[in-house]
Amino acid sequence: MAKNINKKLEISYRFPRHPYLHLKIKMSGLCNIWRKYMRKLFGAPTFPNEIIVAATDPCFDLEKDEFLSNQWAYCGSFWTKHFHEKLVSQCPPKRFFDPIKYITKSYDIGFRWSYKDKTYPEYLSDFPAYKLSYDYLSSKEFCNKLTSLVGDDVERVCYKILMTRAYGGSSIIPHIDSHNEIGNINLVIFIDGNDGGLGIWQDNEFKKKIFIPKKLTNTCMLYDMCEEFYHGFEPMKKGKYRRTINATYKKAT
């Protein structure tokens, strides 16, 4: 959920602007049926049976000073090179994602996992590298690593992970997260892409940018969800793409 959305900017997203996305939203029910049929018809890709280890690049641990200064940080290399290569080679096709539903947060979402359910999303095990990434991101080891970077000594758990695929026209209107309890951290890991870098903004109109990542291959943005800066990205250009893993963390109870 989002709050503090600029109403004038929100209105600018209405039809007839972004007609392609509005059509996709209108047809999302039929698209879901079609993708379900395609999953049944083609199944999941087959990957070699090999040993893969999920691990972060040492660069991630070096972003502590930036986070302490800004309450957000950009990491220029998140996964180890070998593991990232496996993620790219095993990226799930679009038939495994739910189509766009909202014009102001316009991308496909799939493989939702939550701390409450504690069960793997359907089809995740068909993509071994991504299953390992979920295991690692939800592990106590990584939660402790994140707390060390944030520097607040808060014990955390991962309570949500999902994957996204964005394309020409996709965007996120600048907003502040509504689930912004103290200690909540959001992590957006860019698997690969050439547009749609999640930016940090002073305002909710895309006018006063603080930082917009340009490299979207094996990088990540993380931010304190309680801070009063905004995050989002402007509509992506035609023919562009972006794939992410998003993970959210909160205080352990």
Side-chain angles (χ1 to χ4, degrees), residues 39 43-64 67 73-98 107-150 154-165 179 183-193 198 216-223 225 242-253:
R39 290 195 298 269
T46 301
F47 302 105
N49 186 11
E50 57 185 329
I51 297 175
I52 306 173
V53 178
T56 53
D57 188 283
C59 287
F60 180 73
D61 300 309
L62 301 179
E63 304 304 330
K64 183 171 184 176
F67 191 92
Y74 169 74
C75 177
S77 183
F78 184 77
W79 299 109
T80 59
K81 183 182 178 191
H82 179 263
F83 186 68
H84 175 253
E85 289 173 350
K86 297 303 177 184
L87 290 173
V88 172
S89 67
Q90 295 184 17
C91 192
K94 70 177 181 181
R95 63 181 180 272
F96 291 93
F97 290 80
D98 295 333
Y107 46 71
D108 295 357
I109 295 175
F111 301 93
R112 294 176 177 86
W113 174 92
S114 72
Y115 179 75
K116 290 182 179 179
D117 294 337
K118 296 183 185 293
T119 56
Y120 290 121
E122 189 176 11
Y123 303 110
L124 181 65
S125 296
D126 293 321
F127 303 89
Y130 284 89
K131 180 176 178 292
L132 287 171
S133 74
Y134 275 49
D135 288 341
Y136 183 75
L137 292 171
S138 60
S139 69
K140 188 172 181 61
E141 175 188 353
F142 183 76
C143 289
N144 290 342
K145 183 187 287 284
L146 181 62
T147 288
S148 177
L149 186 149
V150 171
V154 171
E155 183 181 356
R156 287 182 170 82
V157 295
C158 180
Y159 73 91
K160 183 174 66 176
I161 307 176
L162 55 82
M163 284 192 265
T164 77
R165 56 178 303 275
H179 298 295
N184 285 16
I185 302 292
N186 199 34
L187 187 69
V188 179
I189 305 164
F190 303 106
I191 303 305
D192 63 352
L198 185 75
L216 303 179
T217 299
N218 195 24
T219 61
C220 81
M221 286 291 299
L222 64 151
Y223 60 88
M225 295 170 70
R242 190 199 77 168
R243 297 181 287 191
T244 71
I245 301 174
N246 298 3
T248 313
Y249 298 82
K250 67 176 183 179
K251 280 186 178 181
T253 55

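For the single chain, residues carry numbers from 1 onward in sequence order. Please read all numbers here as calculations on a predicted model, not as lab measurements.
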Can you tell me how far the CE atom of M163 sits from the CD1 atom of I189, to the nearest 0.5 Å? 11.0 Å
Please lay out, stage by stage, how F127 and F96 fare under the test ring-ring contact (aromatic ring centres under 6.0 Å, His included). CA-CA 11 Å; F127 303 89; F96 291 93; 5.2 Å; yes
Please tell me if the side chains of T217 and H84 come closer than 4.5 Å, counting only heavy atoms from C-beta onward. yes
Whether F111 and F97 hold their rings parallel, tilted or perpendicular, with breakpoints at 30° and 60°: perpendicular
Full working for side-chain contact (heavy atoms from CB on, under 4.5 Å) between W79 and I191: CA-CA 9 Å; W79 299 109; I191 303 305; 4.2 Å; yes
What's the spacing between K145 NZ and S148 OG if we round to 0.5 Å? 8.0 Å
In terms of side-chain heavy atoms, does D57 have a donor or acceptor partner in T80 at a distance below 3.5 Å? no
Looking at SG of C143 and OH of Y249, how far apart are the two atoms once the value is rounded to the nearest 0.5 Å? 5.5 Å
Go through the steps for E155 and K250 under the test salt bridge (Lys or Arg N to Asp or Glu O under 4.0 Å), then give the verdict. CA-CA 8 Å; E155 183 181 356; K250 67 176 183 179; over 6 Å; no
Hey, mind stepping through F78 and F190 against ring-ring contact (aromatic ring centres under 6.0 Å, His included) and telling me if it holds? CA-CA 9 Å; F78 184 77; F190 303 106; over 10 Å; no
4.5 Å side-chain heavy-atom contact, Y134 and P121: yes
For residues T219 and C75, determine if any side-chain heavy atom of one lies less than 4.5 Å from a side-chain heavy atom of the other. no
Could you tell me which non-hydrogen atom of T56 sits nearest to which non-hydrogen atom of F142, and how far apart they are? CG2-CE1, 4.0 Å
Is the shortest heavy-atom distance from the side chain of L87 to the side chain of Y130 under 4.5 Å? yes
N-O pairing of R112 and D98 below 4.0 Å: yes
Kindly indicate, with the supporting measurements, whether the criterion side-chain contact (heavy atoms from CB on, under 4.5 Å) is fulfilled by W113 and L162. CA-CA 6 Å; W113 174 92; L162 55 82; over 6 Å; no
Closest non-hydrogen atom pair between C91 and R243, with its separation: SG-NH1, 2.9 Å
Check whether any side-chain N or O of R242 sits under 3.5 Å from a backbone N or O of R165 as a donor-acceptor pair, and report yes or no. no
Note: R95 and A44 closest approach over all heavy atoms is NH2-CA, 4.5 Å
Who pairs with V150 by side-chain contact (heavy atoms from CB on, under 4.5 Å), at least two apart in sequence or on another chain? F67, L146, D152, R156, I185
Selection residues 121-131 - residue pairs positive for salt bridge (Lys or Arg N to Asp or Glu O under 4.0 Å), sequence neighbours left out: K131-D135
Under the side-chain contact (heavy atoms from CB on, under 4.5 Å) criterion, do L149 and F60 qualify, and how do the steps go? CA-CA 8 Å; L149 186 149; F60 180 73; 3.8 Å; yes
When you look at N144 and T147, which way does the side chain to side chain donor-acceptor pair (under 3.5 Å) test go after all the steps? CA-CA 5 Å; N144 290 342; T147 288; 5.6 Å; no
Heavy-atom closest contact (S77 atom, C59 atom, distance): O-CB, 3.6 Å
Looking only at side chains, do N246 and T244 share a donor and an acceptor under 3.5 Å apart? yes
Using the test salt bridge (Lys or Arg N to Asp or Glu O under 4.0 Å), find all partners of E141 that sit at least two apart in sequence or belong to another chain. none
Y115 atom OH: more than 12 heavy-atom contacts under 6.0 Å: no
Would you say N186 and V188 make side-chain contact, with heavy atoms under 4.5 Å? yes
Closest approach of S125 and Y120, non-hydrogen atoms and distance? OG-CD1, 4.5 Å
Just wondering, do S138 and I161 contact through their side chains at under 4.5 Å, heavy atoms? yes
So, for L198 and M221, which heavy atoms are closest and what is the spacing to 0.1 Å? O-CG, 3.8 Å
K94 with D108: basic N within carboxylate O range, under 4.0 Å: no
Show, in sequence, the C-alpha distance, side-chain angles and deciding distance for I245 and S133, and conclude whether the side-chain contact (heavy atoms from CB on, under 4.5 Å) test is met. CA-CA 9 Å; I245 301 174; S133 74; 3.7 Å; yes
